[in-house]
Number of protein chains: 2
Amino acid sequence: MDFYKNEPQTLLAVDCVILGFNGESLEILLVKRGIAPERNKWSLMGGFVHEDESPEKAASRVLKKLTNLEDLYMENCGIFGEPGREERRVVSIVYFALIDATQYRHILSEEYEAKWFPLDKHPKLIFDHEDMISTAKHTLRTKAALYPILFELLPEKFTIPQIASLYECVYNIDLDKRNFSRKLLSSGLLIKLNEKDKENSRKGAFFYRLNMDIYKEKIMSFLRYLPSWSVDES
Amino acid sequence: MDFYKNEPQTLLAVDCVILGFNGESLEILLVKRGIAPERNKWSLMGGFVHEDESPEKAASRVLKKLTNLEDLYMENCGIFGEPGREERRVVSIVYFALIDATQYRHILSEEYEAKWFPLDKHPKLIFDHEDMISTAKHTLRTKAALYPILFELLPEKFTIPQIASLYECVYNIDLDKRNFSRKLLSSGLLIKLNEKDKENSRKGAFFYRLNMDIYKEKIMSFLRYLPSWSVDES
DNA sequence: AAAATTAAGTGTTAATTTGACATTAATTTT
DNA sequence: AAAATTAATGTCAAATTAACACTTAATTTT
């Protein structure tokens, strides 16, 4: 049986807001668009959803094609489907992806003309891609307020000053590093390594890595208006 | 010019997880499906996205058709597009909607066979609609941990015991009402009215309403790892 | 080689917030 | 009028936070 015969079909695309952190500031990976319309203009990396794949899968595929990376942290952060947002009706599902800064420099596929830009100072983009970035930023902030996802932007081994400046970037604030460090350490989320990062300071800062068990536990653990104990996560 | 000529098209649908609160527990509004396949089985209210509307618009339309309510609080909470989730390939965008319990009883459209069920004890649903409810619950919890959206489930005038039991429901916990009340009042979010709810207790509890200015201010104001002051929300 | 410099990391303390519990207050029912 | 019920306020010790000072480990300059 063939159902829904008279229902309208639509073009379905994904667009990726690919974010990285260079230790100083957030960056976004943009590409020069390869197809018409708006060919050769800067845009988010995107693509159409194939017939045999989910949108999420499509986003992974597109990301892999550009960066050669798999299993990136990725999350849906909006759906753009206003009629008229492109010449032809296309509903676009937007994902943001977080990439570890230290790996990405050399992995870009040759196939695309791609470039990292400062997140707050990038070229004009096609269609409503600027709005997509805005919602991605917002989702990132909301999510990172509850879940320790910003670690996805850092290498496996990172220092506390690194995390601090990452949080400062994302929320556009100044942190008291001393209090921040103490708070972070008391969470039990970090495991101290016997090794220092000498790149960024004379004294050098100890490397840490994530305690994945605690990482998973921490999810949903800081709910406002609620006592912090025992939230049933079913 | 006609772009994207050779790209595949797909059926795009919306499904709505409609939640209400009856003072005691959360409820979900389900409908008996009107079309094949799976006709006459219980399901989420849904519909196809028309050619001239955005998915969000489609969800509003579908919601209005069922409840006659407009401007409901509504939020995307997932995209279900695995090939094989239905007989035919359909990508479904899921929204959850929050409805004020005191209004909804008499507004249901005659056109649909719809019924409120306890959220934790509802009939089996078609396709992957159960999963949709799970993600809706999860999104609700995450969102409500940062934003005071649960008020959307209450009437304009509400009492503190009402909010407390709502939070108890959503997070499946017991609250110390005394501490909860103190915390809530100190947020400045509530404006005390000169009127009591006598329905639910002998003494009666004072009604409050939301201070919308503070409500908007509160957004993003309780960030873990960050000092609570001055988060630039641009 | 000593002194200056830089940024990391640890301490200290007062103020605030939280959690646990007790009491008082307003109303209806008996 | 007493009993029952639930709202609302109060108390206090413990925990957490914010603000600030100091020490430490290394490198660079003199």
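Within every chain, numbering begins at 1; the chains are lettered A, B, ... in the order of the sequence lines, protein sequences first and strands thereafter.
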Aromatic plane relationship, B:F158 with B:F151 - under 30° parallel, 30 to 60° tilted, over 60° perpendicular: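 Tilted: the ring planes of B:F151 and B:F158 meet at 30° to 60°.
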Parallel, tilted or perpendicular: ring planes of A:Y171 versus A:Y167, cut at 30 and 60 degrees: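 It falls in the parallel class, under 30°.
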Ring-face cation of B:K121 near B:F117 (centre distance under 6.0 Å, axis angle within 45°):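 Pair B:K121/B:F117 does not count as cation-pi.
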A:F180 six-ring face occupied by A:K177 cation (under 6.0 Å, within 45°): no
Whole angstrom is fine here: how far is it from [atom1] in [X] over to [atom2] in [N]?
X      : N      : atom1 : atom2 : answer
A:D197 : D:dT27 : CG    : P     : 12 Å
A:L175 : D:dA19 : CG    : C1'   : 14 Å
A:K183 : C:dT10 : NZ    : C1'   : 18 Å
A:E199 : C:dT6  : CD    : C1'   : 17 Å
A:E195 : C:dA8  : CD    : P     : 17 Å
A:D176 : D:dA18 : CG    : C1'   : 8 Å

With a 3.5 angstrom cut-off on both distances, give the Watson-Crick or G-U wobble partner of [N], or none if there isn't one.
N      : answer
D:dT24 : C:dA7
D:dT29 : C:dA2
D:dT11 : C:dA20

Please list each protein N or O that sits under 3.5 Å from an N or O in nucleotides 7-10 of chain D, with the distance.
unit_1	atom_1	unit_2	atom_2	d
D:dA7	N3	B:K203	NZ	2.6
D:dA8	OP1	B:F206	N	2.8

Ion pair A:E70/A:R61, N-O distance below 4.0 Å: no
OP1 or OP2 of D:dT6 under 4.0 Å from side-chain N/O of B:K198: no
From CG (B:N40) to CD1 (B:I126), nearest 0.5 Å: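 So the gap between those two atoms works out to 11.0 Å.
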